[in-house]
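Because the structure is a prediction, the values reported are computed rather than measured.
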Amino acid sequence: MSGHAPGRLRSVEEHLADILAAVSPLPAVEAALDHAVGRTLVEPAVATVAIPVFDNSAMDGFAVRFEDVRDAAPGAPAELTVVGDLPAGSPDDPPLAPGEAVRIMTGSPVPTAADTIVPFEDTADGLADSLRRVRVERAPHGRGAHVRRAAADVDAGQMVLPAGVAIGPLQLGAAAAAGIPTLRVSPAPRVVVVSTGSELVAPGRPLGRGQIPESNSALLAALVTAAGGRVVVRATVDDDGADFRRVLAEATTGDHRADVLITSGGVSAGAYEVVKNELAGALHFTRVAMQPGKPQGFGVLPSGTLAFGLPGNPVSAAVSFETFVRPALLALQGRRELHRPRLRLPAAEGWRTPAGRRQYLPAAIDRSDPAAWRVRPATAGGSGSHLAGGLGLAEAYAVIPAEVAEVSPGDIVDVLLLEG
């Protein structure tokens with residue numbers, strides 16, 4: 001952890017740089033396609049077959065020689081004798097003499113002797129009575145019309161997917177089409193989530209004076225899953241330390257050691273900061289020039305587990321995860337892009353910003369004008385760290401630089417869309 005002057009707030013970039021410097025990608029595993037969804041590709045996926053595999057028809061119709069139909073017109077059709085029929089999957093390669101055609105279905109191999117496809121729609125009788133003779137009434141637009149050429153998309157031996165991409169449905173389909181049976185992917189990081197605080201009670205249970213529903217463990221576990229991680233332990237502990245030490249021991253010992261530990265609460269300047277008390281010396285606790293989320297802790301435990309001490313207020317925990325934990329989880333998986341794309345949108349209304357700290361404002365996108373999206377605070381409470389209900393209305397974070405004193409209507413601001 002790089003040093004800094006006492007009392008100085010660290011920048012977001014400084015804190016994140018220290019975190020990413022401690023991350024090493026997890027060893028790759030071989031996964032069948034059905035088990036690769038959601039994982040990150042560690043090695044490029046290389047096609048074993050071409051796409052398309054062979055020249056094939058893009059239309060239902062007739063395989064012909066272009067010379068036989070080039071002058072066809074409604075008043076002067078080209079009449080051809082049908083000498084074969086090729087459904088999809090047929091291995092046949094019928095010969096084709098001048099004045100002959102082969103009926104062919106979409107995806108069927110084009111006969112070697114043919115060079116053009118005439119769709120049923122360009123013939124006199126279409127599919128009806130199409131196995132004896134055909135009258136072509138509209139000439140194709142050129143030789144090779146409606147023929148999908150072999151390897152026009154991807155050739156065998158060519159890279160289909162680069163390393164570092166997440167495997168979603170479209171990537172899975174591309175790999176399968178290229179004949180690739182398995183992929184080298186990163187395993188899901190194993191994550192332990194611990195919410196701390198003696199005031200926390202499970203949602204739905206009666207609340208005593210000073211108690212609140214515990215929400216951070218559910219919030220953080222869902223964020224971990226969305227970032228490709230696997231939550232192996234999710235716990236809530238009080239502030240006396242015993243339960244925290246027990247969970248910590250389970251998370252950092254044995255064959256099931258966690259790759260990442262995420263705690264919420266217990267990192268500020270109070271008297272009962274259980275994370276600070278129990279992990280002093282293992283984690284570096286600092287203050288970052290951001291709002292919400294100023295108090296932060298990070299370190300690498302003796303087990304090699306990356307440990308994040310996030311603040312306890314729900315909005316602070318969510319913003320801290322987005323800013324620091326999510327990039328680390330993606331880096332563990334070897335992801336190429338660690339940050340969400342940024343939009344630049346005009347503010348639909350004005351709001352206040354904290355002095356000297358970068359603001360991460362839970363925001364909503366006004367899409368009422370499709371030609372000019374605008375961004376507004378998700379709730380009237382702004383970026384207050386305690387406004388957990390407003391998180392449910394947020395679909396983005398508006399990120400305002402520390403030197404900006406106030407956002408006015410129409411100001412252009414950076415926006416991170418929260419889409420998984």
Side-chain angles (χ1 to χ4, degrees), residues 15 191-225 229 231-252 258 260-288 290-299 301 305-326 328-329 360 362 379 381-392 394:
H15 191 58
V191 182
V192 171
V193 173
V194 183
S195 185
T196 72
S198 297
E199 74 279 16
L200 302 178
V201 176
R205 296 191 59 180
L207 298 178
R209 179 175 173 81
Q211 294 182 320
I212 60 173
E214 195 281 305
S215 62
N216 279 355
S217 69
L219 166 68
L220 292 169
L223 289 171
V224 165
T225 300
V231 177
V232 293
V233 174
R234 174 182 157 193
T236 302
V237 301
D238 59 27
D239 291 327
D240 70 9
D243 285 345
F244 183 76
R245 288 191 293 273
R246 174 184 55 78
V247 174
L248 185 64
E250 293 175 358
T252 58
V260 176
L261 167 69
I262 306 171
T263 68
S264 64
V267 297
S268 294
Y272 304 99
E273 306 294 341
V274 63
V275 176
K276 242 182 180 179
N277 294 339
E278 297 297 331
L279 292 179
L283 268 64
H284 181 84
F285 296 94
T286 189
R287 298 182 305 153
V288 179
M290 60 189 294
Q291 193 272 337
K294 181 170 68 173
Q296 295 289 331
F298 175 73
L301 303 181
T305 301
L306 301 176
F308 293 86
L310 308 185
N313 280 312
V315 183
S316 294
V319 167
S320 299
F321 183 97
E322 176 68 28
T323 309
F324 302 120
V325 184
R326 183 177 182 271
L329 287 174
Y360 290 81
T379 67
S383 56
S385 61
H386 62 294
L387 301 173
L391 277 177

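- Without hydrogens or angle criteria, Ser320 side chain to Leu310 main chain gives no donor-acceptor distance under 3.5 Å.
- For Glu199, there are no salt bridge (charged side-chain N to carboxylate O under 4.0 Å, His left out) partners, not counting sequence neighbours.
- For the residue pair Ser195/Glu214, the side-chain donor-acceptor check at 3.5 Å is satisfied.
- The side-chain heavy atoms of Met290 and Tyr360, taken from C-beta on, include a pair separated by under 4.5 Å.
- At a threshold of 4.5 Å between non-hydrogen side-chain atoms, the residues Val325 and Ile262 count as touching.
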Checklist entry - What's the verdict on side-chain contact (heavy atoms from CB on, under 4.5 Å) for Val191 and Val193, showing C-alpha distance, side-chain angles and the deciding distance? => result CA-CA 6 Å; Val191 182; Val193 173; 4.1 Å; yes
Checklist entry - Could you go step by step and tell me if Val237 and Val247 meet the side-chain contact (heavy atoms from CB on, under 4.5 Å) rule? => result CA-CA 9 Å; Val237 301; Val247 174; 4.1 Å; yes
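- Contact detail for Pro213 and Leu207: the closest heavy-atom pair is CD-CD1, 3.9 Å.
- In this structure, the side chain of Thr323 engages the main chain of Val319 through a donor-acceptor pair within 3.5 Å.
- In this structure, the side chains of Ile212 and Leu200 come closer than 4.5 Å at one or more pairs of heavy atoms.
- Scanning all heavy atoms of the two residues, the minimum distance from Asp240 to Asp243 falls at OD1-N, 4.1 Å.
- At least one side-chain heavy atom of Val194 sits under 4.5 Å from a side-chain heavy atom of Leu261.
- One finds the CD atom of Glu278 at 11.0 Å from the OG1 atom of Thr196 (value rounded to the nearest 0.5 Å).
- The nearest pair of heavy atoms linking Leu248 to Thr252 is O-OG1, 2.8 Å.
- Atom CG of Leu220 is separated from atom CZ of Arg234 by 9.5 Å, given to the nearest 0.5 angstrom.
- For the residue pair Leu391 and Ala318, the shortest heavy atom distance occurs at CD1-CB, 4.1 Å.
- At a threshold of 4.5 Å between non-hydrogen side-chain atoms, the residues Asp238 and Phe244 do not count as touching.
- Ring centroids of His15 and Phe324 are separated by less than 6.0 Å, placing the two rings close together.
- Residues Val288 and Gln296 meet the side-chain proximity criterion, which asks for heavy atoms closer than 4.5 Å.
- Considering Thr286, Leu283, Val275 as possible partners of Val267, the one that fulfils the side chain to side chain contact (heavy atoms under 4.5 Å, CB included) test is Val275.
- Between Pro311 and Asn216, the closest heavy-atom pair is O-ND2, 4.5 Å.
- Put simply, the side chain of Thr305 never gets that close to the backbone of Leu301: no donor and acceptor are under 3.5 Å apart.
- Here the closest non-hydrogen pair linking Thr263 and Gly309 is OG1-CA, 3.3 Å.
- The line from CZ of Phe308 to CZ of Phe321 is 9.0 Å long, rounded to the nearest 0.5 Å.
- Side-chain contact between Asn313 and Pro292 is absent, with no heavy atoms from C-beta onward closer than 4.5 Å.
- With Asp239 contributing its side chain and Ser198 its backbone, the two residues share a donor-acceptor pair below 3.5 Å.
- Looking at heavy atoms from C-beta onward, Val260 lies in side-chain contact with Leu329 at the 4.5 angstrom threshold.
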